[in-house]
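The next block holds one structure in the form of structure tokens; read it before the comments.
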Amino acid sequence: MPRPPALKLVEVLAELRMSPSAFYRLRARGMAPRMIKLPNGELRCRRAALDAWWEACERDTPEWY
């Protein structure tokens, strides 16, 4: 079974509604979703990694009232 394609960085940023600079700050702190660096230097993110990151953020955030 083929793997689903990984998301491009621009797609991840659009989904997160985040600027590249904010994303790179998170990444430098080790707080961004896990990314794959391709041989050409581009970054990709598997859908499962992004979904897991979202779930972790939800668990660490108190409920809004």
List, one per line, each side-chain donor-acceptor pair under 3.5 Å for residues 15-23, sequence neighbours excluded.
unit_1, atom_1, unit_2, atom_2, d
Glu15, OE1, Arg47, NH1, 3.4
Glu15, OE1, Arg47, NH2, 2.8
Glu15, OE2, Arg47, NH1, 3.1
Glu15, OE2, Trp54, NE1, 3.4
Ser19, OG, Ser21, OG, 3.2
Ser19, OG, Ala22, N, 3.2

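For the pair Val12/Trp53, no side-chain contact is recorded, criterion being any heavy-atom separation below 4.5 Å from C-beta on. Between Leu7 and Leu50, the closest side-chain pair of non-hydrogen atoms falls below 4.5 Å. Two residues are said to be in side-chain contact when any heavy atoms from C-beta on lie closer than 4.5 Å; Leu9 and Met35 meet this criterion.
Looking at every heavy atom in both residues, Cys45 comes nearest to Pro33 through SG-CB, 4.1 Å.
For the salt bridge (charged side-chain N to carboxylate O under 4.0 Å, His left out) condition, no pair includes a residue of residues 21-41, sequence neighbours left out.
The CG atom of Leu38 sits 7.5 Å away from the CG atom of Leu43 when rounded to the nearest 0.5 Å.
Residues meeting the side-chain hydrogen bond (donor to acceptor under 3.5 Å, both in side chains) test with Arg44, sequence neighbours left out: Glu42.
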